[in-house]
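In what follows, a single structure is set out as C-alpha cells and then discussed.
The basis for the numbers below is simple: all heavy atoms, side chains too, and nothing from hydrogens, waters or symmetry mates. In this chain, numbering begins with 1 at the start of the sequence shown.
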Amino acid sequence: MVPASWAAEWQVPNEAGAIAHVLAQAADGDTLRLAPGIYNERITLDRPITLDGQGHATLQGDGQGSVVTVTGPGITVQGLTVKGSGSDHGTIDSGIQLTKTARAPVIRDNTVLGNLYGIDIHGARDALVTGNTIEGRQDRLMNMRGNGVYVWNAPGATVEGNDIRWGRDGIFVNSSKRNTFRGNLFRDLRFAVHYMYADNSEVSDNVSIGNHLGYAVMFSTRVKVMNNVSLNDRDHGVMLNYTNKGVISGNYVKSAKDKCTFLYNSHKNDFSGNWFQGCGIGIHFTAGSEGNRMVGNAFVGNRHQVKYVSTQWVEWSEEGRGNYWSDFAGFDVDGNGIADAPYRPNDSMDHVLWTQPAAKLLMGSPAVQLVRWSQSAFPALLPGGVIDSNPLMRPELPEAANRVEQDG
C-alpha cells in the first residue's frame with residue numbers, strides 16, 4: 001500500500017495517447033485526472049492507480065475488445081463515460097473488464113453506454129461496483145445482447161446503487177459466492193438479477209420495473225432475497241429453480257402478468273413478510289417443492305392466490321400466525337387479528353382445471369357450482385393442498401413498497 005502522502009496527482013490533457021503516456025510515468029498509488037473531452041483509447045490498468053474522469057471525460061473504444069481492462073490490485077476507475085467495446089461474446093467485450101488478477105477494484109460513478117457487456121467482474125475478488133449508470137445495447141435481439149454486470153467466480157463482489165437498463169440481464173451471476181447485490185434499479189431487461197450456482201449471497205433493496213422477470217435464483221443454496229421490489233415484470237417477480245435453504249422476505253411484488261412467485265424443485269426456503277399482489281398466480285409450487293415455510297405474507301387480489309397440487313395438506317401457519325388472503329371472508333370474533341376459521345386457497349375444481357385445461361368450458365355449469373358448494377360446506381371433501389389454519393385479518397405492507405409510488 002502506497003502512503004497517501006507519497007501519491008501524486010497527474011493532470012492528463014485531452015490529446016491523442018495522453019492516458020497511456022501518463023500511465024507510463026505514474027507510480028503506484030498515483031491519481032490520473034482527465035481533462036474534459038473524448039479520449040480515443042483502450043487502456044489496461046495493471047497496478048494501483050486511480051483513473052478519474054471527473055464526470056466530464058469520455059473513453060471511446062474502437063469497437064474491438066474491452067475499453068478498460070483492470071488486471072492489477074488496488075485500482076479505482078471513477079467519473080468516466082465509457083463507450084465503444086467490441087461485439088465478441090467469447091472474449092466478453094465490455095466497457096470495463098476486471099480480470100482474475102485484479103484485487104479489490106473499485107468501479108464507481110461511471111456512465112457505461114452501449115457496450116456489449118457493461119462491467120465484467122471476471123474472477124476479480126472483492127470488487128466494488130457502485131453508483132454507475134449502465135445502458136446496454138438495443139441493436140440486436142435481447143438474448144444476443146450482453147449483461148449490464150456479469151459476475152463469474154468473483155467471491156466477495158458487491159454491486160450496489162447502480163442504474164442498469166437495456167442489454168440482456170441486469171446482473172448475471174455464474175459460479176460465484178459471497179456476493180452482495182444491493183440497491184440497484186433495473187429496467188427494460190430480460191432478468192433483473194439472474195443467479196446460477198451462486199451460494200451464500202444476498203439480493204436486497206433492489207427495484208425491478210417492467211422486465212421479463214425480476215429475480216431468478218437457480219441452482220443455489222442459502223441465498224437471501226430481501227426487501228426487493230418487482231413492479232410490472234412480465235413473467236414472474238421472484239423465481240426459485242433448484243434453490244434450497246434461502247430466505248425470501250420483505251419483498252414487494254406487484255402486477256406480474258404470470259406469477260408473483262414461482263418455485264421449481266426448491267426446498268426448505270423461508271418466505272415471510274412478502275407482498276404478492278395483482279398477478280395471474282400469487283405463488284406457484286411445482287416439481288416437488290417441499291418443506292418451504294410460509295408465514296406472514298400477504299396475497300392481495302391475485303387471479304389465483306396459490307397453485308399447489310397435492311394429495312396431502314401442507315400447513316402455512318406457525319405458532320398461531322399465518323398469512324393474509326384478500327379473498328377470504330373470515331371472521332375474528334375475539335379481535336386478536338387472526339381469523340376464526342382456516343383458509344384453503346384451492347379446491348378440487350382447481351386441480352381439475354390445472355391438469356385438464358379443456359375443463360374450463362364447464363366453469364359455468366351447475367355441476368361445477370354444486371361441487372364447489374359441497375366442498376365449502378364439507379371441507380373433508382377437499383383433496384389436499386395448502387391450508388392456512390390461522391389466516392391474518394389485516395395485511396402488513398413491507399418497507400420495500402415505499403421505494404415505488406403507491407396508487408392507493
For the residue pair [Y] / [X], report whether a side-chain donor-acceptor contact shorter than 3.5 Å exists.
X    : Y    : value
N297 : W275 : no
D327 : Q305 : yes
N200 : R178 : no
T133 : E135 : no
N390 : R321 : no
S266 : N269 : no
T50  : D52  : no
W313 : E315 : no
R108 : Q78  : yes

- Name the orientation class of the two ring planes belonging to F186 and Y215 (parallel below 30°, tilted from 30 to 60°, perpendicular beyond 60°). perpendicular
For H284 and K259: C-alpha separation, side-chain torsions, deciding distance, then whether side-chain hydrogen bond (donor to acceptor under 3.5 Å, both in side chains) applies.
CA-CA 7 Å; H284 180 191; K259 301 162 188 174; 2.9 Å; yes
Take S208 and D233, measure what side-chain hydrogen bond (donor to acceptor under 3.5 Å, both in side chains) needs, and give me the verdict at the end. CA-CA 7 Å; S208 170; D233 288 329; 2.8 Å; yes
Side-chain (D93) to main-chain (S87) donor-acceptor, under 3.5 angstrom: yes
ask   = Does the N251 side chain pair with the main chain of N227, one donor and one acceptor, at a distance under 3.5 Å?
value = yes
Using a strict cut-off of less than 4.0 Å between a Lys/Arg side-chain nitrogen and an Asp/Glu carboxylate oxygen, indicate whether [X] and [Y] qualify as a salt bridge.
X    : Y    : value
E160 : R182 : yes
D199 : K177 : no
K245 : D270 : no

For H89 together with Y117, are the ring centres under 6.0 Å from each other?
yes
